[in-house]
Amino acid sequence: MDYLKGLNEAQYEAVTTLEGPLMVLAGAGSGKTRVLTMRIAHLITNLVDPFHILALTFTNKAAKEMKERIAKVVGQSEARSLWMGTFHSVFARILRSEAHYLGYPSNFTIYDSQDSLNVLKKVLKDSNIDADLYKPKKVMARISNYKNNLITVKAYLANPELIENDERANMKHMGLIYQKYVDACYRNGAMDFDDLLLRTNELLTRFPEVLAKYQDRFRYILVDEYQDTNHSQYLIVKALASKFENICVVGDDAQSIYSFRGANIHNILNFKKDYPDAVTVSLEQNYRSTQNIVNAANVVISKNVQQFKKNVFSDNEEGDKIKVYRSLSDADEANFVASNIWELHNTQQRKFTDFAILYRTNSQTRAFEDSLRRKNIPYRVYGGLSFYQRKEVKDLVAYLRLLINENDGEALSRIINYPARGIGETTQNKLIVFADSQNVSITTVLGNLGMYAPLLGLNNGILTKLADFWAMIKAFQVMLKTENAYTVAMEVAKRTGLIKFLKDDQTPEGISRLENVQELMNSMQGFIEEQQQLEDGDPSLSNFLENIALSADTQNDKKEEGDQVSLMTIHLSKGLEFPVVHLVGLEENLFPSFMSSSTREELEEERRLFYVALTRAEKQAFFSYAVSRFQWGKITDAEPSRFLSEMDTAHLEFINPAIESRFVNHSGLKSSIFDDEPASPRFFKKKEEKKTIQRNEPLPTAQNLKPVATARIINPSGASSEDIEVGDQVRHDRFGVGEVLFLDGTDPQNIKAKVKFQHEGEKNLILKFAKLTKI
DNA sequence: GTTCGCAGCGTTTTT
DNA sequence: CGCTGCGAAC
């Protein structure tokens with residue numbers, strides 16, 4: 001049991017207290033993941049069958065990481081039968097096998113937020129409701145809120161208080177809309193994210209035999225990030241654990257940052273009330289960060305009223321003070337960060353992977369991408385628009401979804417006329433109205449066109465098109481019975497004309513779209529191969545679809561992780577650690593967000609977010625903020641974040657005193673430094689860029705071209721080309737092998753390469769998109 | 001039925 | 001600014 005060695009007293013207790021309810025309050029950096037991992041290992045060593053263990057996490061990333069670490073301790077085969085995953089994926093799996101209880105098909109589709117929103121928009125349109133009062137996103141948030149609190153349509157309609165509440169918000173039709181939305185999803189054979197939890201609750205409450213079955217299976221339950229569970233998740237855990245009560249929850253109330261999606265901090269605050277016999281273990285020693293960082297973070301989080309008292313401390317070196325940089329603009333800030341990374345990379349021999357840039361909102365990425373790219377610093381952006389949310393990818397996926405679940409009206413409407421095949425809006429509307437009037441689904445109408453044709457009022461040309469379309473879908477379905485998912489998907493991409501449609505668009509964006517589709521095919525192939533290697537793998541199309549529905553992963557998770565700077569939102573950074581952290585955009589109305597500055601609760605959550613961000617840092621932290629920022633298409637003045645003033649200056653060091661004093665004396669003059677400039681934002685931007693280039697880099701000369709052209713080019717999706725130089729032999733996905741004749745361009749985004757291919761002749765390629773491999 | 005262009009809008013965080 | 005949705009013209 002060497003794995004028990006090296007645990008401190010509290011960790012040891014948390015790992016070895018196997019029976020009964022246990023709450024582990026794990027301060028930031030206190031070895032939480034280690035404890036969870038060791039605990040599972042210890043369970044298995046103590047002859048608990050992994051089959052009886054359920055471990056729930058919040059992100060796929062966390063689940064994956066933990067699985068790997070457990071496999072290292074107990075071995076691959078032992079780890080396999082353990083159930084570990086996100087709430088959503090674990091319960092989606094259970095729902096699939098028990099769907100018949102709920103009147104759902106087991107092949108139900110899982111809708112992501114975008115799908116749900118589309119369905120809701122249709123509902124709103126149908127209902128002839130004032131679109132200004134009922135903004136889809138707002139309505140969706142309310143519905144989501146109901147669901148997460150287990151308020152079904154029925155419960156809603158029976159609750160005058162809720163109805164009154166919505167009436168007061170000027171939304172008296174919420175009940176009706178809610179009903180219609182739920183009906184639509186049901187008709188489509190689909191569940192949204194919230195349904196996965198709500199329906200699980202329904203399953204466990206309405207069918208005691210099902211509950212008993214899973215209670216018996218999951219005798220040992222572990223929940224990571226318990227502070228972020230919502231009510232729905234809380235009830236599921238509670239129900240499952242109520243037989244054996246071997247439940248271990250791990251969390252840190254100071255790191256609860258998901259209340260916007262229903263997380264209820266009281267779940268962890270009240271754990272003792274739910275399980276009076278619970279053992280509580282506090283992990284307070286932070287092994288991750290320097291004393292200075294830990295202490296600085298403690299000062300800020302102590303401003304929160306709502307929290308357990310903890311004493312997180314570090315025995316590490318005291319460490320550097322946190323350096324605070326005040327910048328003139330977002331571009332200036334990005335430039336500072338990039339220069340700083342470059343410098344530390346050179347002077348302290350830090351790898352690029354040692355650095356993280358953390359921000360509040362995804363829209364802040366761009367400026368940093370620009371500066372990093374200019375300095376040829378490799379980076380990777382996490383999060384943002386997921387690969388699977390791109391339109392071209394979703395379109396192909398919609399076809400595949402339709403093959404699995406032909407009732408999926410959302411998928412159908414997405415592709416019935418894409419690529420255009422003459423089935424326009426008018427025809428679709430007729431179909432919908434007719435199907436409604438006959439009280440059947442559109443699928444039924446399409447499947448029995450012969451019978452319905454005379455009643456539809458459509459001309460023969462259109463009817464033929466509809467028949468052809470449906471015959472094609474049916475043919476794919478037949479094919480799916482004998483061929484593997486990849487082959488069918490390829491056939492779909494070709495036969496529907498999707499590939500041709502994309503190929504016709506030779507703009508860089510068009511090429512990139514085609515490549516994304518190819519990438520989808522690749523990832524599918526990868527998935528199939530991976531599943532085939534697994535003993536209990538499932539290479540089916542439906543399994544593939546489920547996996548992508550529940551993963552917000554960007555495309556290149558499997559791709560090589562080179563030496564790259566990480567860029568991500570603070571939310572995404574939870575659970576991670578980096579030697580050097582740049583926390584940027586520390587401005588009022590940005591962080592804390594203007595959306596979350598009205599109530600104390602909201603502000604406390606922002607403060608916890610700040611705490612999370614700072615405690616990601618191991619050795620060094622840098623803060624920065626800009627006095628003016630280019631956003632919403634114009635320049636906005638900004639004040640430093642209140643979190644900065646909440647800190648103890650003993651932990652800080654202001655690193656640009658010159659600029660500081662210049663500004664301190666003239667409050668509110670920030671914009672006046674640009675008085676000699678035209679007011680147009682465009683000019684402003686230009687000037688900024690020019691300035692930064694001059695200040696930090698020599699002008700592009702022939703000498704400087706080479707490093708740019710030979711650098712790793714990172715495109716926005718994160719894929720990278722190898723270092724390409726003139727004379728290199730390269731391989732291209734489609735054109736095969738060739739020689740690079742010529743490189744052209746200084747803008748790393750737009751370097752063109754002339755390549756002579758053995759068979760295809762000379763081509764001009766944009767390096768960023770071409771994905772050339774050096775051979 | 002399709003395409004293009006413009007206006008208006010929102011803009012936090014994720015399974 | 002960038003996206004969506006809508007209306008007008010082909």
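Computation of the quantities below employed the complete heavy-atom set of this structure, encompassing side-chain atoms and omitting hydrogens, waters and symmetry-equivalent molecules. A, B, ... follow the sequence lines: proteins, then strands. Residue 1 opens every chain.
Distance A/Ile236 CD1 to B/dT15 P: 17 Å, rounded to the nearest Å. Taking atom CD of A/Glu225 as the reference point, atom P of B/dT13 lies 19 Å away to the nearest angstrom. Per the geometry, CG belonging to A/Leu590 stands 11 Å off P belonging to B/dT13, to the nearest Å. Put simply, NZ on A/Lys137 is 11 Å from C1' on B/dT12, counting in whole angstrom units. The distance between atom CG of A/Leu117 and atom P of C/dT4, rounded to the nearest whole Å, is 11 Å. Between A/Tyr258 atom OH and B/dT15 atom C1' the separation is 9 Å, expressed in whole Å. Rounded to an integer number of Å, the gap from A/Leu197 CG to B/dT14 P is 18 Å. Note: CG (A/Asn145) to C1' (B/dT15) measures 16 Å, nearest angstrom.
Listed pair A/Arg366 / C/dG2 meets the phosphate criterion, a side-chain N or O lying under 4.0 Å from OP1 or OP2. Dashed line: the shortest gap from a side-chain N or O of A/Thr569 to OP1 or OP2 of B/dT14 is under 4.0 Å. For B/dT14, one of the phosphate oxygens OP1 or OP2 lies less than 4.0 angstrom from a side-chain nitrogen or oxygen of A/Asn362. Listed pair A/Thr426 / B/dG1 meets the phosphate criterion, a side-chain N or O lying under 4.0 Å from OP1 or OP2.
Every residue two or more places apart in sequence or in another chain was checked for a side chain to side chain donor-acceptor pair (under 3.5 Å) with A/Asp468, and none qualifies. Legend: residues meeting ring pair (Phe, Tyr, Trp, His ring centres under 6.0 Å) with A/Phe643, ordered by chain and number and at least two apart, are A/Phe591, A/Phe610. Scored by the side chain to side chain donor-acceptor pair (under 3.5 Å) test, A/Ser542 finds A/Ser540 as partners (sequence neighbours excluded). Not counting sequence neighbours, the partners of A/Glu604 by the side chain to side chain donor-acceptor pair (under 3.5 Å) test are A/Arg600. Among residues two or more places apart in sequence or in another chain, the salt bridge (charged side-chain N to carboxylate O under 4.0 Å, His left out) test is passed with A/Glu65 by A/Arg69. Remark: A/Tyr418 pairs with no residue by the side chain to side chain donor-acceptor pair (under 3.5 Å) rule, at least two apart or across chains. Every salt bridge (charged side-chain N to carboxylate O under 4.0 Å, His left out) that A/Glu202 has, sequence neighbours left out, goes to A/Arg199, A/Arg206. Under the salt bridge (charged side-chain N to carboxylate O under 4.0 Å, His left out) criterion, A/Glu601 pairs with no residue, sequence neighbours left out.
Heavy-atom nearest nucleotides on DNA chain B were determined for A/Phe594 and for A/Gln428, and the one closer to the 5' end corresponds to A/Gln428. Heavy-atom distances to DNA chain B give each of A/Phe260 and A/Thr427 a nearest nucleotide, and the one nearer the 5′ end belongs to A/Thr427.
A/Phe591 comes within 4.0 angstrom of nothing in the nucleic acid, heavy atoms only. Among the heavy atoms of the strands, none lies under 4.0 Å from A/Ile257.
Relative to the ring axis of A/Tyr382, A/Arg380 places its NZ or CZ within 45° and under 6.0 Å from the centre.
Distance CD1/A/Ile177 to CG/A/Asp126: 11.5 Å, rounded to 0.5 Å.
Of the candidate nucleotides B/dT12, B/dT14, B/dT15, B/dT14 has the atom lying nearest to any side-chain atom of A/His571.
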N/O donor to acceptor pairs below 3.5 angstrom from side-chain atoms of residues 457-465 of chain A, sequence neighbours left out:
{"unit_1": "A/Asn459", "atom_1": "OD1", "unit_2": "A/Gly461", "atom_2": "N", "d": "3.0"}
{"unit_1": "A/Asn459", "atom_1": "OD1", "unit_2": "A/Ile462", "atom_2": "N", "d": "2.9"}
{"unit_1": "A/Thr464", "atom_1": "OG1", "unit_2": "A/Asn460", "atom_2": "O", "d": "2.7"}

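Checked against the 6.0 Å centroid threshold, A/Tyr186 and A/Tyr104 count as a close aromatic pair.
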Enumerate the protein-to-nucleotides 2-9 of chain B contacts in which both atoms are nitrogen or oxygen and the separation is below 3.5 Å.
{"unit_1": "B/dT2", "atom_1": "OP1", "unit_2": "A/Gly422", "atom_2": "N", "d": "3.3"}
{"unit_1": "B/dT2", "atom_1": "OP2", "unit_2": "A/Asn417", "atom_2": "ND2", "d": "3.1"}

Filtered N/O pairs between nucleotides 5-8 of chain C and protein, under 3.5 Å:
{"unit_1": "C/dG5", "atom_1": "OP1", "unit_2": "A/Lys121", "atom_2": "NZ", "d": "2.9"}

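Contacts of residues 82-90 of chain A with DNA chain B (heavy atom under 4.0 Å): A/Thr86, A/His88.
Here the separation of B/dT12 from C/dG5, taken at their C1' atoms, is 24 Å to the nearest Å.
Using a 4.5 Å cut-off on side-chain heavy atoms (C-beta onward), A/Ile110 and A/Arg96 make contact.
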